[in-house]
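Following: one structure in structure tokens, then a few remarks.
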Number of protein chains: 2
Amino acid sequence: MPVEWQPVQQSRTHELVLRSIEERVFAGELRAGDRLPPERELAPVLGVSRSALREALRVLETIGVLVAQPGRGPDAGARIVRNPDDALGRLLRLHFALGSYSLHDVLEARVVLERSSFEGAACHAPDEDLDEAEELVAGMAEPGIGVSAFNDLDTRFHVLIARSSGNALTSTLTSAVRESVRPLILRALEAAEDWPATARALNAEHRTLLTLVREGSGPEAADLVEWHIRGLHGTLVEGPTGPTGPTGPTGPTAP
Amino acid sequence: MPVEWQPVQQSRTHELVLRSIEERVFAGELRAGDRLPPERELAPVLGVSRSALREALRVLETIGVLVAQPGRGPDAGARIVRNPDDALGRLLRLHFALGSYSLHDVLEARVVLERSSFEGAACHAPDEDLDEAEELVAGMAEPGIGVSAFNDLDTRFHVLIARSSGNALTSTLTSAVRESVRPLILRALEAAEDWPATARALNAEHRTLLTLVREGSGPEAADLVEWHIRGLHGTLVEGPTGPTGPTGPTGPTAP
DNA sequence: CGGCGCATGTGGTCGGACCACAGAACCGGC
DNA sequence: GCCGGTTCTGTGGTCCGACCACATGCGCCG
């Protein structure tokens with residue numbers, strides 16, 4: 001049994017186009033900032049219809065590798081860009097909603113990633129980022145803050161720390177994972193018995209976290225953020241992210 | 001400065017369609033295994049052309065939440081599925097090739113994720129997975145194994161451990177991150193001065209790792225895999241371009 | 001010389017047509 | 001009555017041609 005069987009190469013046209021463009025990217029011939037030829041030119045060059053080409057471009061667009069602008073001028077047309085965050089966020093959100101990942105899995109991933117984020121931030125977070133984080137924490141400490149606004153600021157706080165850790169990849173992953181459970185956290189906060197007390201408790205943790213990061217206590221910050229996340233997730237319940245509908249994402253799963 | 005400005009909501013038709021379908025997923029109305037109406041029916045219902053609908057479906061397909069099959073019968077049509085791995089892999093590969101992430105970032109992410117994988121595997125990896133891992137390690141120990149085959153087996157080994165750790169999300173992330181640097185590792189192995197010795201050294205680590213996992217020594221396995229990964233990445237060089245050679249799909253079986 | 005409008009080029013959308021494929025239904029022979 | 005092959009039907013996949021919206025840039029006209 002040397003090598004497992006591979007699914008035969010599907011040859012849908014737009015996939016071939018996609019592969020062709022991908023190869024140019026891998027080969028370094030297409031780099032961020034470069035512009036693709038106009039669709040009406042590129043399609044016949046590749047030997048496909050404009051529709052097929054457009055579907056391939058759409059794929060690249062959703063991956064965050066391409067943006068397209070109509071009009072005329074230096075900014076018009078299809079340009080190669082680097083914007084993975086939106087794509088990754090949408091991917092994880094959808095799959096979490098579909099039940100590809102259990103809440104427990106997401107919790108563990110968050111713990112692992114954010115521990116790394118805070119350790120990294122304690123080492124080399126620029127002061128201006130920490131100042132901005134301070135503002136976010138202050139915003140969350142506003143008395144009478146709404147659950148939704150708190151959730152927004154909390155998300156931005158964690159994402160900001162991740163970004164300031166100096167690692168773009170873990171930052172993106174952290175952000176996407178945090179976003180994917182955002183609706184659940186929102187529901188949990190809304191269901192909190194004593195919301196002001198909950199907010200105060202979370203804020204105390206945020207302040208301590210920030211202090212630890214400022215003084216460079218990476219391991220301590222990592223431990224605290226793990227406790228912070230586990231505590232919050234303990235109040236979450238697994239369920240459809242939407243407002244209605246019974247549970248039971250126990251459908252048959254993909255291999 | 002209450003809230004930052006947000007880019008105005010683009011209203012490209014296919015994005016609206018996408019949003020509409022996404023909402024159904026978030027609301028739990030569309031679940032894995034469900035089938036969408038045929039394109040020719042759905043398009044007029046949504047009030048868009050078939051092309052616009054198809055572009056939205058293509059997006060969902062690249063995200064890994066949809067598959068489409070022509071023909072007739074229970075398996076035909078567009079079905080909701082859960083297959084995030086391919087999508088995530090393609091996303092990270094492209095962005096790594098574009099330089100969205102530095103090699104150092106990927107290294108750190110690998111360390112963080114795989115530490116978690118091995119710790120999880122030490123706790124609850126099923127024996128059959130470990131047996132399969134044993135086979136992979138044995139395959140890598142074959143004398144005279146080629147660099148490419150070794151790289152294949154090595155990838156499968158790390159991905160298998162990740163999967164057996166019981167966390168689908170970190171498993172997917174681990175796999176995608178490992179895949180994204182696969183071409184670089186391949187080049188590094190090819191450039192190794194004494195390849196057989198290198199292979200022997202890596203294999204010794206693999207065997208020790210597997211032993212540690214079997215006996216449930218999670219932290220020790222985590223430390224060792226960190227050392228294992230850092231050692232290998234230390235030999236990598238940040239290649240401006242990527243994976244495959246100048247042209248061609250360079251079949252993975254090239255001797 | 002300056003302002004205004006049209007020509008141009010871009011992506012975005014649409015409708016229709018045809019193709020390939022695979023199950024389903026049908027019909028014939030046995 | 002059963003089995004076989006043939007035809008029908010419905011699905012996604014592709015292609016074509018046309019038009020739309022928009023932003024730029026040029027040229028015309030005042």
Side-chain angles (χ1 to χ4, degrees), chain A residues 7-21 30 32-81 83 86-87 254, chain B residues 7-22 30 32-81 83 86-87:
Chain A
V8 64
Q9 161 65 2
Q10 293 253 61
S11 71
R12 296 190 291 180
T13 310
H14 74 269
E15 284 190 6
L16 299 178
V17 175
L18 186 56
R19 201 167 303 269
S20 164
I21 300 179
L30 277 178
D34 290 353
R35 279 177 53 181
L36 261 56
E39 297 177 359
R40 290 174 178 78
E41 286 180 27
L42 189 52
V45 168
L46 296 176
V48 300
S49 73
R50 200 182 152 207
S51 319
L53 170 62
R54 279 180 60 79
E55 291 188 2
L57 297 182
R58 198 65 69 203
V59 170
L60 293 172
E61 211 175 47
T62 67
I63 293 180
V65 165
L66 196 87
V67 289
Q69 273 188 338
R72 190 173 163 169
D75 284 357
R79 283 179 16 253
I80 303 288
V81 296
N83 178 27
D86 295 344
Chain B
V8 63
Q9 159 69 359
Q10 293 251 65
S11 70
R12 296 191 291 181
T13 310
H14 72 269
E15 283 190 7
L16 300 178
V17 175
L18 186 57
R19 200 168 303 270
S20 166
I21 299 178
E22 274 181 345
L30 277 178
D34 290 353
R35 279 177 53 182
L36 260 57
E39 297 177 358
R40 290 174 177 78
E41 286 180 27
L42 190 52
V45 168
L46 296 176
V48 302
S49 75
R50 199 181 153 206
S51 320
L53 170 61
R54 279 179 61 79
E55 291 188 2
L57 296 183
R58 198 66 70 201
V59 170
L60 294 172
E61 211 174 46
T62 67
I63 294 181
V65 302
L66 195 88
V67 290
Q69 273 189 340
R72 187 172 164 169
D75 283 356
R79 282 177 19 253
I80 303 288
V81 296
N83 179 25
D86 295 345

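Lettering follows sequence order; numbering is per chain, from 1.
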Only distances under 3.5 Å count here; give the side-chain donor-acceptor pairs of residues 69-77 of chain A to other protein atoms, sequence neighbours excluded, each with its distance to 0.1 Å.
none

Is there any salt bridge (charged side-chain N to carboxylate O under 4.0 Å, His left out) pair reaching into residues 55-70 of chain A, and which pairs are they, with sequence neighbours excluded?
-> A:Glu55-B:Arg54, A:Glu55-B:Arg58, A:Arg58-A:Glu61, A:Arg58-B:Glu55, A:Glu61-B:Arg12
Which pair of non-hydrogen atoms, one from A:Ala56 and one from A:His14, has the smallest distance, and what is that distance?
-> CB-O, 3.5 Å
Where protein sits on nucleotides 9-16 of chain D, one letter per nucleotide: B base, S sugar-phosphate only, - none, heavy atoms under 4.0 Å = BBBBBBBB
Of all heavy-atom pairs between B:Pro37 and B:Glu41, which one has the smallest distance, and what is that distance?
-> CB-OE1, 4.2 Å
Heavy-atom closest pair (A:Thr62 atom, A:Ala87 atom, distance to 0.1 Å) is O-CB, 2.9 Å
